[in-house]
Amino acid sequence: MPTTKELQDFTQQVRRDILRMVHKVNSGHPGGSLGCAEFFTCLYQEVMDYSTDFKMDGKNEDLFFLSNGHISPVYYSVLAHSGFFPVEELSTFRLIDSRLQGHPTTHEGLPGIRIASGSLGQGMSVALGVAQAKKLNGDEKIVYTLHGDGELQEGQNWEAIMYASGKKVDNLIATIDLNGKQIDGATDDVLPMGSIKAKFEAFGWDVLEVKEGNDIEAILAGLKEAKSLTGKGKPVCILLYTEMGNGVDFMMNTHAWHGKAPNDEQLENALAQNPATLGDY
């Protein structure tokens, strides 16, 4: 298993990748990507049991589905550094004919990607089908998902959340990125959702909270606890409290960088805060 320092170094390189990718094409979503860098690192570098010999059916593997697909930069970076495709391919992000589109797609044939995502609110439904298929096939591996907190304002999520508990889909761990921000401002200003924890509990889920959602050790502890709750008749929800734009001081504490790329000067500033650890592509 990698050390905490190794995971932190991995995360720092991922942050550099995110910044350079969106800067090159002056397009993309750095805020949420930076906020979830530690989570993706923990998931792919320590927690999940998967093969980089990619097969779409994912039999006998833990699987991950990204519902809020606009944070594709962090997803692509972690997949590349985890061995799914060459790291150098990150330089093609959002270019015409690239496999690394702004929102992940399946027809591009990119290893690691099993669903097209970006149309918000649909990831939970897809994951439920996969989780139930695993149960029918006697496959004991776990299905992991990630969702934005603003994304939960969409109704299809709650149909799926109700279905998950009603059908005892207990091989599912859904993480909610609770950064309190979305493209138009604070989630409480756009559409207040009250207590997300209380809502999931009312829908019959086991819920745990990771208050330090950008801390490697806290995330690993939360994922370990969540895994221990699987197989007990209830789906599991992790409420992950993150900071949008984490690791870049001028991108934090604001929703402004949800979908905006840094200019040359801002990129230089951001990269100075995140020196290369694994080498740039």
Side-chain angles (χ1 to χ4, degrees), residues 10-11 13-45 48 50 52 54 56 63-124 126-127 144-151 154 174-177 179 181-183 240 242 244-248 251 255 257-262 267 270 280-281:
F10 188 99
T11 302
Q13 187 64 49
V14 168
R15 284 198 290 265
R16 284 182 66 88
D17 291 347
I18 293 166
L19 293 161
R20 296 178 65 230
M21 289 162 69
V22 300
H23 168 265
K24 179 180 178 180
V25 291
N26 193 30
S27 180
H29 296 76
S33 294
L34 291 167
C36 289
E38 289 86 358
F39 170 76
F40 273 87
T41 294
C42 290
L43 201 61
Y44 275 89
Q45 287 297 292
M48 288 205 310
Y50 61 84
T52 54
F54 183 73
M56 202 66 173
L63 301 181
F64 171 75
F65 295 98
L66 175 65
S67 189
N68 49 330
H70 55 275
I71 66 168
S72 61
V74 64
Y75 196 13
Y76 293 149
S77 173
V78 170
L79 286 176
H81 285 290
S82 297
F84 282 89
F85 57 86
V87 173
E88 292 74 21
E89 194 169 351
L90 297 176
S91 65
T92 70
F93 176 66
R94 279 186 176 245
L95 298 180
I96 294 175
D97 294 329
S98 170
R99 297 195 296 178
L100 280 63
Q101 291 301 304
H103 295 91
T105 63
T106 53
H107 69 271
E108 305 291 352
L110 186 67
I113 304 298
R114 289 186 169 87
I115 63 167
S117 61
S119 297
L120 296 176
Q122 299 178 10
M124 184 79 74
V126 174
Y144 294 85
T145 63
L146 180 66
H147 312 262
D149 48 1
E151 182 184 7
E154 302 216 12
T175 298
I176 312 301
D177 176 20
N179 58 36
K181 303 175 185 68
Q182 57 192 106
I183 193 167
L240 187 73
T242 70
M244 184 177 280
N246 186 62
V248 179
M251 291 186 175
H255 73 282
W257 295 93
H258 172 95
K260 181 176 71 173
L267 176 68
D280 291 331
Y281 57 83

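This structure is a prediction, so every number in the text was calculated from the model and none was measured. Note that the numbering runs from 1 along the sequence shown for the chain.
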So do the side chains of K181 and H258 get within less than 4.5 Å of each other, counting heavy atoms only? no
Ignoring hydrogens and geometry beyond distance, is a side-chain donor-acceptor pair present between E38 and N246 at under 3.5 Å? yes
Measure the CE-OG1 distance between M56 and T106 for me, rounded to the nearest 0.5 Å. 5.0 Å
If you define the side chain from C-beta out and look only at heavy atoms, does anything of H147 sit under 4.5 Å from M124? yes
What is the distance from atom OG1 of T242 to atom CG of L34, rounded to the nearest 0.5 Å? 10.5 Å
Could I get the full list of side-chain contact (heavy atoms from CB on, under 4.5 Å) partners for K24, not counting sequence neighbours? S91, L95
Tell me, which pairs form a ring-ring contact (aromatic ring centres under 6.0 Å, His included) where one or both residues lie in residues 90-115, sequence neighbours left out? none
For Y144, enumerate each residue passing the ring-ring contact (aromatic ring centres under 6.0 Å, His included) test, keeping only those at least two apart in sequence or located in another chain. none
Mind checking what makes side-chain contact (heavy atoms from CB on, under 4.5 Å) contact with A270, not counting sequence neighbours? L19, V248, F250
Selection residues 75-87 - residue pairs positive for salt bridge (Lys or Arg N to Asp or Glu O under 4.0 Å), sequence neighbours left out: none
Taking only residues at least two apart or on different chains, which pairs with a member in residues 68-84 satisfy side chain to side chain donor-acceptor pair (under 3.5 Å)? D17-S77, D17-H81, Q45-S82
Are the aromatic ring centres of F10 and Y44 under 6.0 angstrom apart? no
Could I get the full list of ring-ring contact (aromatic ring centres under 6.0 Å, His included) partners for F85, not counting sequence neighbours? none
Residues forming a side-chain contact (heavy atoms from CB on, under 4.5 Å) with D280, sequence neighbours excluded: Q13, R16, R20, A276
Would you please say whether a donor-acceptor pair under 3.5 Å links the side chains of T11 and T41? yes
Calculate, to the nearest 0.5 Å, the distance between atoms CG and OG1 belonging to L110 and T105 respectively. 8.0 Å
Provide the closest heavy-atom pair for L90 versus M21 in the form atom of the first, atom of the second, distance. O-CG, 3.8 Å
Between F40 and F64, is the gap from one ring center to the other below 6.0 Å? yes
Who are the side-chain contact (heavy atoms from CB on, under 4.5 Å) partners of S33, not counting sequence neighbours? I18, I71, P73, V74
Applying salt bridge (Lys or Arg N to Asp or Glu O under 4.0 Å), name anything that partners E151, two or more places apart in sequence or on another chain. none
Take D177 and L146, measure what side chain to side chain contact (heavy atoms under 4.5 Å, CB included) needs, and give me the verdict at the end. CA-CA 7 Å; D177 176 20; L146 180 66; 4.3 Å; yes
What heavy-atom pair brings P104 and G69 nearest, and what distance separates the two atoms? CD-O, 3.3 Å
Smallest heavy-atom separation, E89 atom then T92 atom, equals O-OG1, 2.7 Å
For the student: nearest non-hydrogen atoms of H255 and M244, plus distance: CA-SD, 4.0 Å
Nearest heavy-atom approach of G28 to V22 is CA-CG1, 3.9 Å
Quick one: closest heavy-atom pair of S67 and L120, and the distance? O-CD2, 4.0 Å
Y281 meets the ring-ring contact (aromatic ring centres under 6.0 Å, His included) criterion, sequence neighbours left out, with none
Within a strict 4.5 Å, meaning less than it, do heavy atoms of the D149 and N179 side chains meet? yes
Could you note down all residue pairs passing side chain to side chain donor-acceptor pair (under 3.5 Å) where residues 108-121 supplies at least one of them, sequence neighbours left out? none
